[in-house]
Amino acid sequence: MTIDPDAKKWLVSFLGANVKFDEPMSRHTSLRVGGPADVYVTPETREDLFRIIRGCREKGLRYAIIGGGTNLLVKDNGIRGIAILLKKCFNQIVQTGARGDDVIVTAMAGSSLARVCRFATEHGLGGMDFALGIPGTVGGAIMMNAGTAYGSMQNVLDSVNILLPTGQTGKIEKQYLKFDYRKLDIAQGCRYIAGNIPDDRGQPVILDGQFCLHPSDPGKLKREAEEILQTRKGNQPTNAPNAGCFFKNPDLSAISDQWSVTLENGQHLTRLTGVSAGRLIDLAGLRGKRIGGAEVSAKHANFIINRDNASAADILSLAELIRETVLKIFNINLETEVKIIGE
Ligand SMILES: Cc1cc2nc3c(=O)[nH]c(=O)nc-3n(C[C@H](O)[C@H](O)[C@H](O)COP(=O)(O)OP(=O)(O)OC[C@H]3O[C@@H](n4cnc5c(N)ncnc54)[C@H](O)[C@@H]3O)c2cc1C
């Protein structure tokens with residue numbers, strides 16, 4: 001899709017300097033790869049965002065919502081249509097209510113998750129500790145059901161406000177949010193707001209999320225936060241661009257009790273309970289494996305790092321090699337956790 005001159009003029013007319021053309025997405029993703037977006041916009045007001053979404057529908061333009069870009073691999077030819085970043089204006093965090101002893105905090109989609117964690121600690125509110133150290137924005141974290149071994153967004157999220165591709169807005173309560181492992185399905189919630197929305201007519205935009213947190217001792221929260229952040233630092237590569245865990249941990253429930261594998265080094269495995277994607281990649285002998293500028297991290301085998309000016313193609317080739325090798329050795333098909341977009 002090319003953006004015609006009229007559509008460009010229309011965007012510049014109300015966004016001014018907040019619209020760029022052919023903007024390299026490598027500047028806006030934590031992996032530091034990705035070709036240009038035809039158009040890249042950073043709306044500063046809610047009205048501007050609504051205008052963009054409504055205009056895209058009227059003019060038949062495609063758009064993609066980008067949060068912190070910390071879970072995204074944008075391909076080398078970039079994004080056709082409009083990349084919309086919400087970080088500039090959607091970044092307020094406020095206490096908006098109470099439920100019994102619990103406190104409701106509303107965080108706008110463009111706020112960083114780190115700021116929500118800090119807000120909770122400073123106000124003596126527990127529940128966000130699982131999110132400590134996860135980069136990116138509230139909107140991205142909600143869509144990814146981001147989490148750790150300590151919990152995930154589904155444990156604290158009470159409701160979300162969304163903007164539909166039709167321009168309608170509405171609140172989706174928890175019972176209509178279908179969470180899965182690193183995934184949120186909001187289709188049911190969208191239907192609840194607006195009837196049946198065809199999937200191919202654009203992406204619903206999370207505007208904000210309401211979090212239900214419980215009062216706790218600020219000193220204790222602060223100490224726990226420091227410990228968790230320290231542990232994360234020790235386990236993850238910090239010296240090269242990456243997008244966190246590249247693959248989801250596999251669902252091992254379907255694997256037969258008879259499962260057994262003998263590795264090249266003679267090691268015999270008969271049980272896979274609790275085995276993570278990183279452990280499988282490690283056992284497959286892929287730690288440190290490199291294609292072009294992309295490398296399997298030596299520190300954490302489920303991290304693909306951009307060691308040396310990698311292209312998206314380098315990263316995708318390495319990811320495919322990992323997937324094929326793990327499938328061949330363990331008969332387990334790893335699924336990517338990182339979202340792959342663009343052309
Ligand atoms: C060093 C590192 C460590 C990480 N550790 C963890 C971890 O421990 N646990 C974990 O779960 N993840 C982890 N991640 C991955 C990533 O940080 C999370 O998935 C994060 O929540 C993504 O947020 P984001 O704003 O960067 O989303 P993006 O990567 O920008 O987008 C992710 C998806 O959400 C969609 N999206 C973003 N904002 C909105 C919105 N407002 N409305 C609708 N859709 C939206 C995008 O279209 C895309 O499909 C890590 C990443 C890095 C780089």
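Note that ligands are numbered from 1 as they come in the structure, with each ligand's atoms numbered from 1 the same way.
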N/O to N/O below 3.5 Å, does that happen between [X] and ligand 1?
X: N145; answer: no
X: I66; answer: no
X: G67; answer: yes

Is any NZ, NE, NH1 or NH2 atom of the basic residue among [X] and [Y] found under 4.0 Å from an Asp or Glu carboxylate oxygen of the other?
X: K174; Y: D158; result: no
X: E224; Y: K220; result: yes
X: D308; Y: R290; result: yes
X: E337; Y: K248; result: no

- Task: Give me the ring orientation class for H300 and F303: parallel if the planes are under 30° apart, tilted from 30 to 60°, perpendicular past 60°.
- Result: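 Tilted, since the angle between the ring planes falls between 30° and 60°.
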What protein heavy atom is closest to [atom], reported as residue, atom name and distance in Å?
atom: atom 39 (C) of ligand 1; result: I65 CG2, 3.5 Å
atom: atom 16 (C) of ligand 1; result: T70 OG1, 3.2 Å
atom: atom 44 (N) of ligand 1; result: M143 CG, 3.2 Å
atom: atom 28 (P) of ligand 1; result: G69 N, 3.7 Å
atom: atom 33 (C) of ligand 1; result: M144 SD, 3.9 Å
atom: atom 8 (O) of ligand 1; result: R232 NH1, 3.0 Å
atom: atom 15 (C) of ligand 1; result: N71 OD1, 3.6 Å
atom: atom 1 (C) of ligand 1; result: N242 OD1, 3.4 Å

- Task: Go through E23 and R27 one step at a time and tell me if the salt bridge (Lys or Arg N to Asp or Glu O under 4.0 Å) criterion holds.
- Result: CA-CA 8 Å; E23 172 72 4; R27 293 184 186 156; 3.4 Å; yes
- When you look at E343 and K75, which way does the side chain to side chain contact (heavy atoms under 4.5 Å, CB included) test go after all the steps? CA-CA 5 Å; E343 296 182 346; K75 292 189 190 170; 5.6 Å; no
Of all the atoms in ligand 1, which lie at a distance below 4.0 Å from a heavy atom belonging to [X]?
X: Q236; result: 3 (C)
X: T148; result: 8 (O)
X: V205; result: 42 (N)
X: S30; result: 53 (C)
X: T137; result: 23 (O), 24 (P), 25 (O)
X: P204; result: 43 (C)
X: A109; result: 41 (N)
X: A141; result: 21 (O), 23 (O)

Side-chain ([X]) to main-chain ([Y]) donor-acceptor, under 3.5 angstrom:
X: R182; Y: N145; answer: yes
X: D76; Y: G34; answer: no
X: N249; Y: A277; answer: yes
X: T169; Y: I162; answer: no

- Query: Hey, does N91 have a side-chain heavy atom less than 4.5 Å from the side chain of T137?
  - Reply: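 Result no, sub-4.5 Å side-chain heavy-atom pair not found.
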- Does ligand 1 have an atom under 4.0 Å from some heavy atom of P135?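 Heavy atoms of P135 do come under 4.0 Å of ligand 1.
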- Using heavy-atom distances, let me know which of G147, C245, G244 sits nearest atom 7 (C) of ligand 1.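 It is G147 that holds the nearest heavy atom.
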- Cation-pi, F247 ring and R323 (6.0 angstrom, 45 degrees):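 Cation-pi check for R323 and F247: fails.
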